[in-house]
Amino acid sequence: MLKIVSAGVLSLAAAASAMAAGGSVPQVAAGQISEATVKEGTRVLSLDEFEGRAPGTPGEEKTVAYLVEQFTKAGLKPGNNGSWVQDVPLVEITASNFKPLTIAGNGTSKGYTIAKDWVGVTYREQPRADLAPSEIVFVGYGINAPEKGWNDYAGVDMRGKTALILINDPDYMSETLEGQFNGRAMTYYGRWTYKFEEAARQGAAAAIIVHDTFPAAYGWGTVESSWTGPQPHSVRKDGGADQTQVNGWVQLPVAREIAQAAGKNLDDLIAAAGKPGFKAMPLGITASTGFDNAIRRFDSKNVVAVLPGKTRPDEYVLHTAHWDHLGRCTPNAAGDDICNGAIDNATGTAALVALGEAHAKAGPADRSLLFVAVTAEESGLLGSEYFADNPTVPLNHIVGGLNMDALSLAGPARDVSVIGGGKSELDDYLKAALADLGRVATPDASPQAGYYYRSDHFSLAKRGVPMFYVKSGQDLVDGGREAGRAFEAAYRERAYHMPDDEYDPNWNWGGVVQDLQLFYRLGRTLAEDDKWPNWLPGDEFRRIRDDSCKGEGGC
């Protein structure tokens, strides 16, 4: 049975509740999933000529044109009031001419090199970012959570100061999913997005996160590639004036040297930060840096397609995947500087086309099927955030949805990984589909990574729309869990957000087709059903959905 609890844990009690609430689900026939469609789409979208599919580049133009062509070929219709696209206004800030990050005080001064030791950006739309010597305050995990009785900023005035912040949550090292911050399962408080947002709310001049591979769930190479070069952001009315002057990361050894310069031991600071009642610690040393910014404003595009329903066309089942990647990034040893993003997320984008094609071949369902390829996920879910804020159909007309991000090329698996399971009545539909396909659900294998908060389903879920996020399993038919873990680890270490995420003609596509057959059944079942699945009672999104459903024509 499926379960839930915070970000991706399966609980039998919640599963039982979901089954009781949801009842039976319709039976649907298998879809005609084309391996050729998803394989060719992945190959094309990850070609060098697409330049890594960065928003606002010629690579975006090629991507959008290709998707419109493929959605048309698949038999879908324009999904935004007769248009295939939705404009997403963005501002791109590209930093250059970096001064070192200089740490000074207690009779010492040392400068750290951009990319090698640290990375930094600004969200302020201004031609120059200058961080004058700013006192560093160690703020632990940088969390202000009144409902948990936890405030790392209590009693400290951060105005003009630099926050030194740990990644993840205070209890991420737990072996269980029990704890004030859900144990090993990351909460939103553990995400870098939250930490920068909270530092800005506290009035900090700068926010620097300490990178550590396990709690971050990726290596320094991923940080370096993601946080250097052009950085798209949502357009802000105040031009980002309410943001910190500098947001950045430092390598773990650099953080140790910063602590040492302050007469502290980083391990001791980390231990203190994990205990209730932690108090922020001014370190008595300063940070300073500066860099130039080139600013460009442009409209990126979400691509929107629809297969209209035959009996209830104003009710929708949503499918999402992000088409963007990082563009040009830090070169690898061979000098390749294109982050092609073949797995992340040419696979999911091509899968979106393949699913649309399969549904069109099956003919219209009772409800409409909406397919949205969103932009700027890599920059903080910007495209899905914009879609959720400016939906092409009312959110309370969306029955539920499915997000696809970075499908696995490890081969067929006996299981699927459920991210955010046990949260909603969607579990009924997943249970039925898995039973039909002879597969099983397993809990998120990396709950500390916080995947529930790292992809586009979250933009819809936090506004009340029930969303599936089901990932490829790791119990491989060929090699079992050991082989599944090895494939995932190798991808994270060698390719994720790096130039080596390239198309491989020798990939085994059996697992992708297997997963798409599951995704087809999930979407089709929702589209043929007449129920409106909701979040389970007590879930963080239940009240939001209930309020949304009170609107005209909703739910």
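Residue numbers start at 1 and run along the sequence shown. The figures that follow rest on heavy atoms only: side chains count, while hydrogens, waters and symmetry mates do not.
A ring-centre distance under 6.0 Å is not found for H397 and Y316. A ring-centre distance under 6.0 Å is not found for W507 and Y491. Two rings, from Y188 and F458, have their centers less than 6.0 Å apart. Between W192 and W227, the distance separating the two ring centers is shorter than 6.0 angstrom. For an aromatic pair to be called close, the ring centres must be under 6.0 Å apart, and H457 with F468 fails this.
Both cation-pi conditions hold for R367 and W532: the charged atom is under 6.0 angstrom from the six-membered ring centre and inside a 45 degree cone around its axis. Cation-pi geometry between R492 and Y496 is satisfied (NZ or CZ under 6.0 Å from the ring centre, within 45° of the ring normal).
Of the N and O atoms on the side chains of S472 and D515, at least one donor lies less than 3.5 Å from an acceptor on the other residue.
The pair E488-K471 fails the salt-bridge criterion, with no side-chain N (NZ, NE, NH1 or NH2) lying under 4.0 Å from an Asp/Glu carboxylate O. A salt bridge does not link R494 with D500: none of the charged nitrogens is closer than 4.0 Å to a carboxylate oxygen.
Shown are N345, L45, T349; of these, the side-chain contact (heavy atoms from CB on, under 4.5 Å) with W323 is made only by T349. Of the options V64, V88, V303, a side-chain contact (heavy atoms from CB on, under 4.5 Å) to T375 is made by V88 and by none of the others. Between F50 and the options V44, N340, I338, a side-chain contact (heavy atoms from CB on, under 4.5 Å) holds for only V44.
Formation of a donor-acceptor pair under 3.5 Å by the R545 side chain with backbone atoms of P466 is not found in this model. Put simply, the side chain of N302 gets close to the backbone of G383: a donor and an acceptor are under 3.5 Å apart.
Scanning all heavy atoms of the two residues, the minimum distance from Q474 to D415 falls at N-OD1, 3.2 Å. When all heavy atoms of V317 and G523 are compared, the pair lying nearest together is CG1-O, 3.9 Å.
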